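The figures here come from the full heavy-atom set of this structure, side chains too, leaving out hydrogens, waters and symmetry mates. Note that this is a predicted model, so its numbers are computed, not measured. Just so it is clear: chains get the letters A, B, ... in the order the sequence lines come, proteins before strands, and each one is counted from 1.
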2 protein chains.
Amino acid sequence: MTTKNATIKDVAREAKVSVASVSRVLNGLGGVTPVTQKIVREVAARLNYVPDNAARSLITGRTHTIGAVLPDLHGEFFSELIRGIELAARAQGLHLLLSSTHDGIEDAAAAMRAMRGRVDGMLILSEHVDAAFLEENLPDKLPAVLLDSPVKSARYPVLNIDNRAGAIAMVGHLIEAGHQQVAFIGGPKTNYNAQQREKGYRTAMARHAPDAPLTLFDGNFSEESGYRAGQQMLAKKPRPQAVFAANDMMAIGCLRAFREAGLAVPGDIALAGFDDILVSRYLTPPLSTVQVRIADLGRLALERLAALLNRTDKTPASVQTLGCDIVIRESCGGKAAAGAASRKLRKPPRPSRS
Amino acid sequence: MTTKNATIKDVAREAKVSVASVSRVLNGLGGVTPVTQKIVREVAARLNYVPDNAARSLITGRTHTIGAVLPDLHGEFFSELIRGIELAARAQGLHLLLSSTHDGIEDAAAAMRAMRGRVDGMLILSEHVDAAFLEENLPDKLPAVLLDSPVKSARYPVLNIDNRAGAIAMVGHLIEAGHQQVAFIGGPKTNYNAQQREKGYRTAMARHAPDAPLTLFDGNFSEESGYRAGQQMLAKKPRPQAVFAANDMMAIGCLRAFREAGLAVPGDIALAGFDDILVSRYLTPPLSTVQVRIADLGRLALERLAALLNRTDKTPASVQTLGCDIVIRESCGGKAAAGAASRKLRKPPRPSRS
DNA sequence: ATGAAAGCGCTAACAT
DNA sequence: ATGTTAGCGCTTTCAT
């Protein structure tokens, strides 16, 4: 036999006060005698009363929940991102509604629409998002923060990883270590992070080894694609002296191709990745890579969103960039040393001239 | 200037019908002329109307959201679990509210309380949960499914990994491969999975190598604790011939200790872990381990919960156990081969005698 | 300091 | 087939 959960009316009746007083006490609004307060609290506790959130948000218009729309939940990246977001949300007294999207833009739109009325704001990470899309699919004036996005909107703050600086630092290190000819294995064409990493590669090459050839291989962030790129590399006439993969998984695949061909890393060829996933440090040889503090990215994004919700946020919507560090292990043949690819949290590479 | 989102009244007015008709159309309840339907749908689309979920759940008592209470969001285990849950939830048209708990039982209780009125059911994974705790902290008759739990409740289904069978299979394999003296590195004492893995170790030893000594080392699932256990092992007089760690991370730490001591794996000593995290296959040597299909665990748990919500679930609350497979790589010196530790999805080891 | 009452946006009887 | 209306449980004026 199901006993219904207690409502505010039950508490009011038992405490012999009005529902208004119960509400005032439980929300700490004051204007209630200590004695009344005590009674109300006791009754509420006795009845195991918990306010109904649906009713509350119906009238207040606030859900104290934020939604996260992520493209997939696979791998360390999203695990860490979610962790960062959840931790920060919990610290802000916010709940986290999680949604993944798989089948492209329509899917993302559906996910966003389904969150209407369930969340006070959204964290969005999607390749398909642009300003027009947001305009169309975000409920009126619902605050949102974008992650890993090229969008420049006056309305939505964006939080990015400084992929470019990270790539530049790593390629720079490779060249300084004596490997002029650095090849690059790229990620998915539509992935913003991948695009920026490629840009960084090009920039660093132009800057530090302008005479060396630019050698790019296609990849899609999967180990398999890295493996294929590695094989292609072996067939190349003048073999590159070093390889910079746009992520660690591809570096791992590449390493496998090299090993199968009897090529020593870093003896015959140097190798570096991007992300610093857990695996990287346990490889043989341990993989040099660019470390991204993904949990921090999630935390910062949520804090930015929370600021928006609280209207604490005075600064206009802007693009923030989270720096990353290169971590040098054995795979690139340099002496072990770590350097900051860019400072802690900083403004975008090219601030408005001022 | 913020234009308020359209409400059902706005749609009714514009469509020149009553709110009831709008509701009927949008919920597909029938009893409405095709013409009226068309008009309503058009107006709703034009006004970009989306029903307010708070209002809807206030009256229906359903949120179409399920809550997941997890102890921490760290590592592959939770990443995979969340992925499995989210995927299944989305397939069922359910939303996922995610909450992690850190500081023990009070924290878990708070998380559960905070979900009151926000979810239709809960997935709970927590060491601190027992039947009494649930009775006290779960809103009245809120459906819930427990994961990795020793609880036997007539009210809440439980979904477990068959840790025992997995451990037995792996230890059995180790012994068959010629390593009679298998040592065990245990996990946290309060962790149910860890307890079961230890039980499996003991059972397998008693069964296959009754004369060999039982050698147990303490650990807490961390790499560091595995490293320490490895060091202690090196100091032991008759060194064990094989080590079975209760999870992969400890096996990794143990491997490091062996390597530092110049011990070859599997040449001098065999090694196996549990979980099959991504890293394991990339180690040198690749680690033999027990593979747990964690995403499946999440999916099954959610499906069980969904069945409960739909009252589709005829079977009484019961304990289900998800089998796991051993995957033999190079670290245990056996020939590469994989065997099922237990069948797909099966009833608990000791079904009520019938 | 306390209470009465008006909704928040929606669904679901109950009328027509 | 369509409309009217009473709440769902809560917060929040506005009285007292």
Q | Nearest-nucleotide comparison on DNA chain D, the residue closer to the 5′ end among B:Val17 and B:Ile59 | A | B:Val17
Q. Between B:Glu106 and B:Arg113, is the closest basic N to carboxylate O distance under 4.0 Å?
A. yes
Q) Within this structure, what is the CG-to-C1' distance between A:Leu58 and C:dC8, rounded to whole angstrom? A) 4 Å
Q: Remember a base hit wins even if backbone is also touched, and classify A:Thr36 as base, sugar-phosphate or nothing at under 4.0 Å, heavy atoms.
A: sugar-phosphate
**Q.** N or O in side chain of A:Ser21 less than 4.0 angstrom from C:dG3 OP1/OP2
**A.** yes
Q. Rounded to whole angstroms, how far apart are NZ on A:Lys9 and C1' on C:dG3?
A. 14 Å
Q: Using a strict 4.0 Å threshold on nitrogen-to-oxygen distance, state whether B:Arg299 and B:Glu303 make a salt bridge.
A: yes
Q. Nearest-Å distance, CG (B:Asn27) to P (D:dT2)?
A. 16 Å
Q: Considering just the side-chain nitrogens and oxygens of B:Thr33, establish if one lies under 4.0 Å of OP1 or OP2 belonging to D:dT2.
A: yes
Q | Selected nucleotide, minimal atom distance to B:Pro51 side chain, candidates D:dG3, C:dC10, C:dA4 | A | C:dC10
**Q.** Lys/Arg N to Asp/Glu carboxylate O, A:Arg83 vs A:Glu80, below 4.0 Å
**A.** yes
**Q.** d(CG, B:Asp52; P, D:dC8) in whole Å
**A.** 18 Å
Q) Within this structure, what is the CG-to-P distance between A:Leu29 and D:dT13, rounded to whole angstrom? A) 10 Å
Q. Are the charged groups of A:Arg118 and B:Asp52 less than 4.0 angstrom apart, N to O?
A. no
Q: Please report, rounded to the nearest Å, how far the P atom of C:dC10 is from the CG atom of B:Asn5.
A: 10 Å
Q: Report the nucleotide, chosen from D:dT11, D:dC8, D:dT4, that has the shortest atom-to-atom distance to any side-chain atom of B:Ala20.
A: D:dT4
Q: Inspect the contact between A:Glu42 and A:Lys38 and indicate whether a charged nitrogen and a carboxylate oxygen are less than 4.0 angstrom apart.
A: yes
Q. Taking CD1 from B:Ile39 and P from D:dT2, how many angstroms apart are they, rounded to a whole number?
A. 9 Å
Q) Looking at B:Ser18, does any N or O in its side chain come under 4.0 Å of the phosphate oxygens OP1/OP2 on D:dG3? A) yes
Q: Using whole Å, report how far CG of B:Leu26 lies from P of C:dT11.
A: 8 Å
Q | Nucleotide of C:dG3, C:dC10, D:dG9 approaching B:Ala55 most closely (side-chain heavy atoms) | A | C:dC10
Q: Taking only the side-chain heavy atoms of B:Arg56 (C-beta and beyond), determine which of D:dG9, C:dG3, C:dC10 contains the nearest atom.
A: C:dC10
Q. Hey, is the side chain of B:Ser23 poking within less than 4.0 Å of OP1 or OP2 on C:dC10, counting only N and O atoms?
A. no
Q. Looking at D:dT5, D:dG3, D:dC10, which one has an atom nearest to any side-chain atom of B:Arg24?
A. D:dG3
